[in-house]
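Let me begin by presenting the structure, written as structure tokens, before commenting on it.
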Amino acid sequence: MTTVGWSPQALSLWAKTGPESEDWLDLPRHLTDSAAIGGWLWRCWLAPGVAGWLEDELDLRGEGDVLGAWLAGVHDVGKASEVFEGQLMGDHTRLPFAERIRDVGLPLSGPAGPADSHPHSAVSHAALKRWLVVEGLTRSSRAAASLAEIAGAHHGLPATPAEVRRAESAARRQPSWAAVQDELIAGITDRLGAHDVLGRVLAVEPRAHHQMLLTGLVVMADWIASNPDLFPLLPAALLDEEARLADAVATLDLAGPARPRVLEADPAAAYRHAFAWPEGRRPWPVQAEILRAAEQMEGPGLLCVEAPMGVGKTEAALAAAQVMMRRTGRSGVIVAAPTMATSDALFRRVQVWAERNLEGDGPVSLVLAHSKAALNAEAAAMPRVGMGSQDIGRDDPHDRHQSVVAHQWLSGRKRGMLASIAVGTVDQVLFMALQSRHVMLRHLGLASKVVVIDEAHAYDSYMNQYLSRALHWLGAYGVPVVLLSATLPHAIQQELVAAYMDGRHGGRRITAPETGAAYPVITTADRAGIRAEQTPESGRRSEVEFTAVADDEDSLRGLLTPCVSDGGCLLVVCSTVARAQHAYALARDLVGDDAVLLHSRFLARDRVEKEAVLVTELGPDARRGQGRPERRIVVATQVVEQSLDLDFDGMVTDVAPMDLILQRTGRVHRHARPVEDRPGWGRAPRVWVRGAVDPGDDATPPAFESGVEAVYAPALLTATWGLLSLERDGRTVSLPREIPTLVAGAYAERPALPEAWGESFVVQRKEWEARQETARNRAKGFLLPTAKGVKYFRDLWAGPTGDPGTERGEAAGLAQVRDTDPTLEVLLVRAAEGGYVPWGSPGDAEVTFTGKALSPWRARQIAESSVRLPGRFSRMPLFERALDELEQGTDVAWQQCSLLRGQLQLIADEEGRTTVAGVDLRYDLDLGLLDGPQTTRMNEGTR
DNA sequence: AACAAAAAAAAA
Ligand SMILES: [Fe+3]
Ligand SMILES: [Fe+3]
């Protein structure tokens, strides 16, 4: 860097102020700080694969760090404008700021108008666009705009054309301000010697995907440079530029790209070392195969693994990711799962893997990325590093190279994806495809990783729109992807793979091969095309008998009877909470406390506890009489579909789409057990299917109970019913062999059903397709366009009408990656004299007085008592009224507490009774949250 | 589309 002096005009401008009236940072210094950290990020932090991709695409010839420094260095030149600098004129404690500027002859006419309509980011955009052309670096205004837009977007969204026009006209009216902007840009360019790279980049004309990552880097640099703990303010500040950077980098303490250990060529040795397996343990065929596939992949690509649960897909994915990280220069991994609970379960496993297999020039950062991560004890227990925290390496600096930590700077808002390793909900990946503010940070973070999507079959057509688009962008960045699923209907797999390949290789339509009955199967998509390979079967096979039972009380009682007399563990899955509560009442009549009810309308803490009890009782280590109960009936809704390692002797389930039925069936005889563990009725795996008011026959299609039909599309239920021959005597299914054919069959346009069902099936099927189509269209509202589908960067955030709808959508809560109505989640507490206590605390628990600060421990207890209100609260008049009432009733002290801020408080009496917007509610530890007439009725007969 | 489950929401 050559040093050029700044003019008195430039030096008179402020960029930052602080709490004390004399605190400030001049604009040139904020720009040189940003440039310094921008260059440092490129050299020392950016994943080699991302840097390499940008180098190639933008003809950087080894000067990427210069480009990064330049872009960061010019981001705030727009602060050299009357609107921005005039902002402090109304503040009488800061009058010297304006005087300093007037003294050097710059016009400053009075407290500025609304700075909102003249954001300095747009002024930066206009100034850069002008300067790049005037300087002769390009003649194309689009090329100039492509770099100008990056500075214009440094607050998370590109400047709008109207804002840029206002900035351009201001520059024409006030040439003396424009002259300072030019001086700043020229000064930064000269110091960095950036002329040549800029010329080359402009010749290429960066497109939206290049701009996205470069903007991400600029935003990151700006956030770091704007932190006074890292880059201190005047008058106290260090002045030497290099010393400022060195100090900032030392305090920030952000490690460079993590590197994976090279895995052994022999798969058995590779898994043994990677996961600390005991000597002699062999990987499943799928695990061995995926390593080979990852090793042989040509360039970055996508691997899709379809295999039954229990064959170690997570380990397989991590091992494959380890290979792909090395081969494509990625610096980390994200493992994305459908729910917070499944992410929590994955967290520790990923942490242990990272500890054993990754290293870097400093500790490897890991985040748990979902909205309730703060409640996770394992995440909270991680050593903290960065921003002055030094939980690790105090005694032995060598420890730092192989430890996995929570990084303080990365735990801030919107920064989690920048950590090296992330475990979280899929939403974190889907948000990548949502028009939203600061998505570029998410893109930068995800582009640096190998992306693993767990349970890829678990997403509906709305979410799949976002997943497809996210895969498109990942493909464009050359990010390796691993999709894990039980089975993926071919049409969905085709859509996902095609989206990735379209991003990767552009327009070419490539069709994934039909894999038919092959299972388990690994599909590879890379430069060489798409191919699928069947892998040898893993694990146990089983023959499961499926039988229909009538949907009345007597039939259900009949099914429970053998269990009542001979004992054993039976699972009863119901499609609605009401049906589950009903079945539970019946079971409780027969077996008392041996019956357990599980659904989502329990307090989070109670549900975790109930599930933990079930996992110990019905998990792999419990034997009958030794932990495994003699008799247990678990009545549950779809919550049991979550990856709990439970084993039942048999199952009764409401009819559901084939994939879900088969997934639930995975809980039947899940573990290999000695025959003494099974009751007489459960020696062979059996599934009884209910939920049809008329089972149908060859001449008439089945008819389903209205609740069951409201939850699942009748077309899928009919197809599933028929393929399992439930209109007759049912059939025996061979698992896992038949999974792919049965699932494909149930989702087929013309499944093999009795002739006479055809007509009504076609109607049902049309309706299902129409609903999916409307869901897909709903998703399009805030879907980020494809990189190559737009001319300008700003077009990525354009609404369907071309206007920037992003902010409005975010404000209205419309921009979301899940297709849901608004729901109300409350934190339940028990009323006490003068205040309240956490739900479930003993009678003499210390009272939290309303309006008084809460201890962190108390806040956590309360935060764990969350429950969602029943569905009726999602409908409009009631939703609004309830929200109002709950907001009014919430302790104001919660706003001061990070765990409780923004949450809604619901206060109940000793018996769990309360009323919200005129609706009676009662919370019961056995039954969950009851509403309306249930609050009184459900008592009888169950207690 | 509405009887399940599921997630998330402040910046430089
Ligand atoms: Fe700014
Ligand atoms: Fe800034």
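Worth knowing before you read on, the calculation uses all heavy atoms, side chains too, and leaves out hydrogens, waters and symmetry mates. Every chain is numbered from 1, with letters handed out A, B, ... down the list of sequences.
Following rounding to the nearest Å, A:Leu930 (CG) and B:dC3 (P) show an atom-to-atom distance of 18 Å. Taking atom OH of residue A:Tyr712 and atom P of nucleotide B:dC3, one finds them 14 Å apart after rounding to whole Å. Separating the NE2 atom of A:His75 from the P atom of B:dA11 is a distance of 16 Å, rounded to the nearest angstrom. To the nearest angstrom, P of B:dA7 lies 10 Å from CG of A:Asp344. We find that CZ of A:Arg868 is positioned 7 Å from P of B:dA7, with the value rounded to whole Å. If you measure from atom CG of A:Leu368 to atom C1' of B:dA7, you get 13 Å, rounded to the nearest angstrom. Distance A:Asn227 CG to B:dA11 P: 17 Å, rounded to the nearest Å. To the nearest angstrom, P of B:dA1 lies 10 Å from CD of A:Glu773.
Residue A:Arg601 places at least one side-chain N or O closer than 4.0 Å to OP1 or OP2 of B:dA4. For the pair A:Ser371 and B:dA8, the criterion of a side-chain N or O lying under 4.0 Å from OP1 or OP2 is met. Here A:Thr774 reaches the OP1 or OP2 of B:dA1: one of its side-chain N or O atoms lies under 4.0 Å away.
Residue A:Arg901 is classed as having no contact, given no heavy-atom separation below 4.0 Å to the nucleic acid. Across all strands shown, A:Gln642 has heavy atoms under 4.0 Å from sugar-phosphate atoms exclusively, and none from any base. Residue A:Gln428 is in sugar-phosphate contact alone, with no base atom involved, counting any heavy-atom pair closer than 4.0 Å across all strands shown. Across all strands shown, A:Val817 has no heavy atoms under 4.0 Å from either base or sugar-phosphate atoms. Residue contacts for A:His599: at a heavy-atom cut-off of 4.0 Å it reaches the sugar-phosphate backbone alone, with no base atom in range. Among the protein residues, A:Met340 comes within range of the sugar-phosphate backbone only, with heavy atoms under 4.0 Å from sugar or phosphate atoms but none that close to a base. Across all strands, A:Arg875 comes closer than 4.0 Å only to sugar-phosphate atoms, never to a base (heavy-atom distances). Counting non-hydrogen atoms under 4.0 angstrom, A:Lys372 reaches nothing in the nucleic acid. Counting any heavy atom pair closer than 4.0 Å across all strands shown, A:Ser874 reaches no nucleic acid atom.
With B:dA5, B:dA7, B:dA12 as the candidates, the nucleotide lying closest to the side chain of A:Thr637 is B:dA5. Distance from the side chain of A:Thr339 is smallest for B:dA6 among the nucleotides B:dA11, B:dA6, B:dA1. Closest contact between the side chain of A:Arg607 and the listed nucleotides B:dC3, B:dA5, B:dA6 involves B:dA6. Closest to the side chain of A:Arg437, from the set B:dA4, B:dA6, B:dA11, is B:dA11. Of all nucleotides listed (B:dA5, B:dA9, B:dA8), B:dA5 comes nearest to the side chain of A:Ser600. Checking B:dA7, B:dC3, B:dA11 against the side-chain heavy atoms of A:Gln816 singles out B:dA7 as nearest. The side chain of A:Val639 sits closest to B:dA6 out of B:dA6, B:dA12, B:dC3. With B:dA12, B:dA4, B:dA8 as the candidates, the nucleotide lying closest to the side chain of A:His155 is B:dA12. Here the nucleotide nearest the side chain of A:Asp222, chosen from B:dA12, B:dA8, B:dA5, is B:dA12. For A:Arg413, taking side-chain heavy atoms from C-beta onward, the closest of the listed nucleotides B:dA8, B:dA1, B:dA9 is B:dA9.
A donor-acceptor contact under 3.5 Å is formed by the side chain of A:Thr820 with the base of B:dA7.
There is a side-chain donor-acceptor pair under 3.5 Å between A:Glu85 and A:Trp14. With hydrogens and angles left out, the side-chain atoms of A:Gln903 and A:Thr890 include no donor and acceptor closer than 3.5 Å.
Annotation: of the two residues near DNA chain B, A:His370 and A:Trp409, the 5′-most nearest-nucleotide partner is A:His370. DNA chain B is contacted by both A:Arg818 and A:Ala775; A:Ala775 maps to the nucleotide lying nearer its 5′ end (nearest heavy atom per residue).
The nearest pair of heavy atoms linking A:Ala15 to A:Phe84 is O-CZ, 4.0 Å.
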Full working for salt bridge (Lys or Arg N to Asp or Glu O under 4.0 Å) between A:Asp76 and A:Lys79: CA-CA 6 Å; A:Asp76 261 347; A:Lys79 283 186 172 172; 3.2 Å; yes
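In this structure, A:Arg415 satisfies the cation-pi test against A:Trp409, with its NZ or CZ atom closer than 6.0 Å to the six-membered ring centre and inside 45 degrees of the ring normal.
For the atom pair CG (A:Leu899) and CZ (A:Arg860), the distance works out to 6.5 Å, reported to the nearest 0.5 Å.
Residues A:Asp460 and A:Arg771 are not paired through a salt bridge, judged by the lack of any N-O separation under 4.0 Å between the basic side chain and the carboxylate.
If you take atom C1' in B:dA1 and the same atom in B:dA5, they sit 15 Å apart, rounded to whole Å.
Side chains of A:Val219 and A:Met440 form a contact here, defined as non-hydrogen atoms less than 4.5 Å apart.
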